[in-house]
There are 2 protein chains.
Amino acid sequence: MGTTQLESVPEPKYWHLRTVLSEALDSEFTVGEILPNERDLAARFGVARATLRQALEQLELEGRLQRRRGVGTTVAPPRVGVDVGAEQQAWPGASEDAWQPVDCAVAAPPPAVADALGTDRDEAVHIVRRSRVSHGQPVAAELLYVPRSSVPDLTAIDTPSGTARARAVLRELERLELEGQDRAVELGSARADDARELDRLPGAPVLVVTTRFFTRGRTAALSLATYRADTCRLTFGASGNVEIHHGPERQAS
Amino acid sequence: MGTTQLESVPEPKYWHLRTVLSEALDSEFTVGEILPNERDLAARFGVARATLRQALEQLELEGRLQRRRGVGTTVAPPRVGVDVGAEQQAWPGASEDAWQPVDCAVAAPPPAVADALGTDRDEAVHIVRRSRVSHGQPVAAELLYVPRSSVPDLTAIDTPSGTARARAVLRELERLELEGQDRAVELGSARADDARELDRLPGAPVLVVTTRFFTRGRTAALSLATYRADTCRLTFGASGNVEIHHGPERQAS
DNA sequence: TAGTGGTCTAGACCACATG
DNA sequence: ATGTGGTCTAGACCACTAT
């Protein structure tokens, strides 16, 4: 009879909760404001803490919230636009970009990387680590794999390892003629070391940018850059910052 | 010496489990093979089902597993490389690309979109929906926002709505001179409608590609494309398919 | 030490696909 | 009808940060 069709497909609680919280964030909170703790929030909405957490995880994934153990949950600022396309047709490190060399090792890369470079699987290559900072926060960690054959003049083993050698490898790389590059973006989860460097927990969602640098028909270097997916928006095409994506940005207080 | 490494901090169970399962996938399973069900797996590893699920979620996020309700968990094929960069400097729909028009509506866009387009917030625009299929699977859903001023010759309201009008809008768009474009990639979660179209559950991780098309100094159109993050690797720069990723963990220097 | 988010448990029931 | 993954609960304890 009066039985309205009622949700024949009931929305999961955590999803509804996500929507409610999302709207509350738009209308009743300001960036940086701290939310009530999870136990209180769960009680307020009449759900178990695990369910509440499922909703918070969604919002964190979307870059709306930031959670820190021992501190609390805060409203995240809009994602920072990180330019990835401007370096097009330029060697990494050219013209002093946002990357900062950390150190350099010589070791055999993972098999998949060796295959992409066209080196033997047990052939050691230079592995330059760099980190990228934006607005005072670390946003990306990179591993740059450079076959020894790409930087033949760097045979002097007396080059000190560490930051100095990292810079030396980058300098040598710039002397080559860059013929083109190749880029891919995919979702991944931060390994333990990347997570530490990005100030996140292991398994945190990251955007992995794979770049191959070509010269004389071969792959001269390969970069694996790991960006924080929660705080970053990767921008191509020089133009700066557009604020797309969900909507109202009211301020209250 | 401050050898910082101290194993007094135990690795979370789910993270260790993720590693163990990941290695098992590499060595003992083939693509498409079905895993034991979650209850059995949890029992086998001596953990609660929720913990086991946390590990599986990680692996699914990384594109290693595919889980389907009522069916089971299978080993996922490598991510498909979806070309996003080839359309560079081309209007959407030009030269019959992989996109397929679905329908078209005329309505006011979300405020953020209106701002990016430079239209009034309550001004109706054409909203073309398209979907993209690759290897027989839906990989992306797109909303293309086109201000009426960009396609002035399309004033005839008698244009049938639906697929036909979608094609008409795209056709008109191609007549404009494209001056440039602008692209950004970020992580998001699928809204209910996108999720349905992508054959996923609400909240599934997606890569959102925002593209602005410029002509005569203004934004002529804006595309919001939602790609399945679990199955897709977005490729720029024409070159085809490289298989990088997930090898064994690296060794620190 | 107190309070936060992170991990983990052992259940229960639901929605969906398949035979 | 059975078996699968998806959701949800009500606890417990741990790791971390601040005071």
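Heavy-atom basis, side chains included; hydrogens, waters and symmetry copies ignored. To find a chain, count down the sequence lines: A is the first, B the second, and so on, and within it residues start at 1.
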Whether the side chain of A:Arg49 and the base of C:dG6 hold a donor-acceptor pair under 3.5 Å is what I'd like checked. yes

Residues in side chain to side chain contact (heavy atoms under 4.5 Å, CB included) with [X], at least two apart?
| X | result |
| --- | --- |
| A:Gln58 | A:Tyr14, A:Trp15, A:Arg18, A:Glu62, B:Ser189 |
| B:Gln137 | none |
| B:Arg196 | B:Asp193 |

Tell me: [atom1] of [X] to [atom2] of [N], nearest whole Å?
| X | N | atom1 | atom2 | result |
| --- | --- | --- | --- | --- |
| A:Leu17 | D:dT9 | CG | C1' | 15 Å |
| B:His16 | C:dG6 | NE2 | C1' | 19 Å |
| B:Arg53 | D:dG5 | CZ | P | 8 Å |
| A:Arg69 | D:dC16 | CZ | C1' | 6 Å |
| A:Glu11 | D:dC8 | CD | P | 10 Å |
| B:Leu52 | C:dG11 | CG | C1' | 16 Å |
| A:Gln54 | D:dG6 | CD | C1' | 9 Å |
| B:Leu56 | D:dT4 | CG | P | 14 Å |

Examine [N]: is either OP1 or OP2 under 4.0 Å from a nitrogen or oxygen in the side chain of [X]? Give yes or no.
| X | N | answer |
| --- | --- | --- |
| B:Arg67 | D:dG6 | yes |
| B:Thr73 | D:dT4 | no |
| B:Lys13 | C:dG6 | no |
| B:Tyr14 | C:dC8 | no |

Say whether A:Arg79 and A:Thr231, considering side chains only, have a donor N or O and an acceptor N or O under 3.5 Å apart. no

Near DNA chain C, under 4.0 Å by heavy atom, which residues of residues 33-41 of chain B? B:Arg39

Taking all non-hydrogen atoms of both residues, which atom of A:Val31 and which atom of A:Ala76 are closest, and how far apart? CG2-O, 4.0 Å

Among residues at least two apart in sequence or on other chains, which ones pass side-chain hydrogen bond (donor to acceptor under 3.5 Å, both in side chains) with [X]?
| X | result |
| --- | --- |
| B:Ser223 | B:Glu142 |
| B:Asp103 | B:Arg129 |
| B:Asp194 | B:Arg191 |

Pairwise 5' ranking along DNA chain D for A:Gly70 and A:Trp15, keeping only the more 5' one: A:Trp15

Could I get the full list of salt bridge (charged side-chain N to carboxylate O under 4.0 Å, His left out) partners for B:Arg49, not counting sequence neighbours? B:Glu38

Check each residue of residues 198-207 of chain B for a non-hydrogen atom within less than 4.0 Å of any atom in DNA chain D, then write out the ones that pass by number, or none. B:Leu201

Steps toward side-chain contact (heavy atoms from CB on, under 4.5 Å) verdict (B:Thr235, B:Val82): CA-CA 6 Å; B:Thr235 65; B:Val82 180; 5.8 Å; no

Let's see if you can work this out: which of D:dG5, C:dG5, D:dT9 has an atom nearest to the side-chain heavy atoms of A:Thr51? D:dT9

Looking only at D:dT9, D:dT17, C:dT7, the nucleotide nearest the A:Val47 side chain is D:dT9

